[in-house]
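See structure below.
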Amino acid sequence: MSLYRNTIWFLNGIRHYTRKGYEAASRDFEPQDTDVSVVGRSFMVTGANSGIGKATAMAIAKKGGRVHMVCRNKDKAEEAKEEIIHESGNTEVYVHIVDLSESRRVWQFAEAFKKQYSCLHVLVNNAGCMVHKREVNDERLEKNFAINTMGTYLLTEGLIPLLQKSRDPRVITVSSGGMLVQKLQIDDLQSDKGYFDGVMVYAQNKRQQVVLTEQWAKEYPDIHFSVMHPGWVDTPAVSTSMPQFHSMMGDRLRTAEQGADTVVWLALSRAAGRTQSGQFFQDRTPVSTHLPLAWTRSSTVEVLTFIGHLEILAKAVQSLSDPLGPSSLQLV
């Protein structure tokens with residue numbers, strides 16, 4: 001069954017996730033959707049110094065938006081910032097150095113940002129990682145989970161009060177089509193049971209992001225939430241984490257700009273704002289979060305249990321910022 005579904009997923013990917021898939025889908029795009037000015041609107045993009053994040057930040061800057069780049073590497077971030085300013089002519093580009101694998105720092109950053117800035121219209125959760133050997137952060141959270149899931153959760157939850165103060169607030173999370181071969185697992189969030197497969201852990205995290213987006217849409221109806229698959233994109237992250245796949249696909253991979261297109265559309269266009277909140281998008285179109293036969297669907301109890309685990313971990317992370325708080329996290 002596993003081989004069958006993986007084969008179905010890969011064949012679907014060859015058709016839809018490649019550069020040719022983008023070119024075919026883009027024939028139905030409405031160019032005027034992104035022919036807008038967003039002067040006066042504030043955007044935060046994580047992982048904005050390269051790949052999809054940088055392409056997104058560049059596109060937003062060119063439309064006049066105020067861009068907050070959240071990056072781990074200061075030198076690369078500053079270099080990307082200067083390039084964005086030079087090419088866009090927009091000087092409202094700001095760098096914030098945050099390592100999303102450091103859960104405590106993510107929460108502290110969100111709290112500090114709310115105090116320093118009066119508004120945030122759009123949050124783009126783009127940063128992610130695929131670590132092939134099990135590692136843990138200072139809070140003893142497995143690193144893929146810490147960045148892809150917990151980092152996204154902490155930053156979004158932390159910034160929701162600021163988003164709610166803004167006009168037409170949106171949250172966009174960059175997921176992956178790999179999540180289609182994963183059902184939400186609630187009993188091993190730290191991936192410490194059995195064989196550790198970095199690719200499957202990453203795919204599980206991306207399923208978790210989809211579930212989070214669906215729950216946020218229900219809980220916060222005043223914010224438009226969406227999650228998307230950028231397709232198979234030629235980025236530094238892909239070439240580093242999946243070198244064989246990168247080499248095999250070659251020029252069939254999408255450019256960073258093609259991968260970022262739906263992110264930019266979701267962030268800027270009025271058309272995107274009129275779509276139902278909580279959906280999963282591919283090439284500007286909402287698509288199913290499950291392959292045929294639907295074995296990946298989760299029960300309400302499973303979803304609520306997963307959210308409960310995240311809430312417990314988040315409270316523990318927050319308490320670690322307090323010197324009187326507990327010294328370790330309760331892992332699940």
Search all heavy atoms of [X] against all heavy atoms of [Y] and return the closest pair with its distance.
| X | Y | answer |
| --- | --- | --- |
| Ala217 | Ser277 | CB-OG, 3.4 Å |
| Ala110 | Leu159 | O-CD2, 3.9 Å |
| Thr262 | Arg284 | OG1-N, 3.0 Å |

Does [X] use its side chain to pair, donor to acceptor, with the backbone of [Y] at less than 3.5 Å?
| X | Y | answer |
| --- | --- | --- |
| Gln282 | Gly231 | no |
| Asn90 | Lys62 | no |
| Gln279 | Gln276 | yes |
| Ser175 | Lys206 | yes |
| Arg41 | Asp168 | yes |
| Ser247 | Gln244 | no |
| Lys63 | Thr34 | yes |
| Arg252 | Met248 | yes |
| Glu142 | Phe145 | yes |
| Arg207 | Thr289 | yes |

[Y] versus [X], side-chain donor and acceptor atoms under 3.5 Å:
| X | Y | result |
| --- | --- | --- |
| Ser241 | His246 | no |
| Asp192 | Gln190 | no |
| Gln185 | Asp188 | no |

Between [X] and [Y], is there a side-chain N and carboxylate O pair less than 4.0 Å apart?
| X | Y | value |
| --- | --- | --- |
| Lys183 | Glu302 | yes |
| Asp234 | Arg254 | no |
| Asp99 | Arg104 | no |

* To do: Report the relative orientation of the aromatic rings in Tyr153 and Trp216; use parallel for angles under 30°, tilted for 30 to 60°, perpendicular for over 60°.
  => parallel
* Asked: Can you say whether the rings of His229 and Phe280 are parallel (under 30°), tilted (30 to 60°) or perpendicular (over 60°)?
  -> parallel
Do [X] and [Y] land in one hydrophobic cluster if side-chain heavy atoms of ILVMFWY residues count as linked below 4.5 Å?
| X | Y | answer |
| --- | --- | --- |
| Leu123 | Trp265 | no |
| Ile172 | Phe113 | no |
| Met179 | Val181 | yes |
| Ile60 | Val171 | no |
| Leu291 | Met200 | yes |

Using a 4.5 Å cut-off on heavy atoms from C-beta on, say whether the side chain of [Y] contacts that of [X].
| X | Y | answer |
| --- | --- | --- |
| Asn137 | Ser103 | yes |
| Met69 | Val93 | yes |
| Glu214 | Phe225 | no |

* Let me see the working for Thr296 and His290 under side chain to side chain donor-acceptor pair (under 3.5 Å), right down to the final yes or no. => CA-CA 6 Å; Thr296 52; His290 304 279; 2.5 Å; yes
* Structure fact -> The side chain to side chain donor-acceptor pair (under 3.5 Å) partner of Thr173 among Asn125, Asn126, Thr46, Thr152 is Asn125
With rounding to the nearest 0.5 Å, note down the distance linking [atom1] in [X] to [atom2] in [Y].
| X | Y | atom1 | atom2 | value |
| --- | --- | --- | --- | --- |
| Leu310 | Leu212 | CG | CG | 5.5 Å |
| Ser239 | Met249 | OG | CE | 14.5 Å |
| Gln164 | Cys119 | CD | SG | 14.5 Å |
| Thr149 | Leu100 | OG1 | CG | 12.0 Å |
| Gln209 | Met228 | CD | CE | 11.5 Å |
| Glu111 | Lys115 | CD | NZ | 6.5 Å |

* Asked: Do Phe196 and His132 have their ring centres less than 6.0 Å from each other?
  -> no
* **Ring-face cation of Arg66 near Phe43 (centre distance under 6.0 Å, axis angle within 45°)** => no
* **Steps toward side chain to side chain donor-acceptor pair (under 3.5 Å) verdict (Asp35, Gln32)** => CA-CA 5 Å; Asp35 186 16; Gln32 65 269 24; over 6 Å; no
Please table the atom pairs, donor to acceptor, closer than 3.5 Å between any side-chain atom in residues 21-28 and protein atoms at least two apart or in another chain.
residue: Ser26; atom: OG; partner: Tyr22; partner atom: O; Å: 3.2
residue: Ser26; atom: OG; partner: Glu23; partner atom: O; Å: 2.9

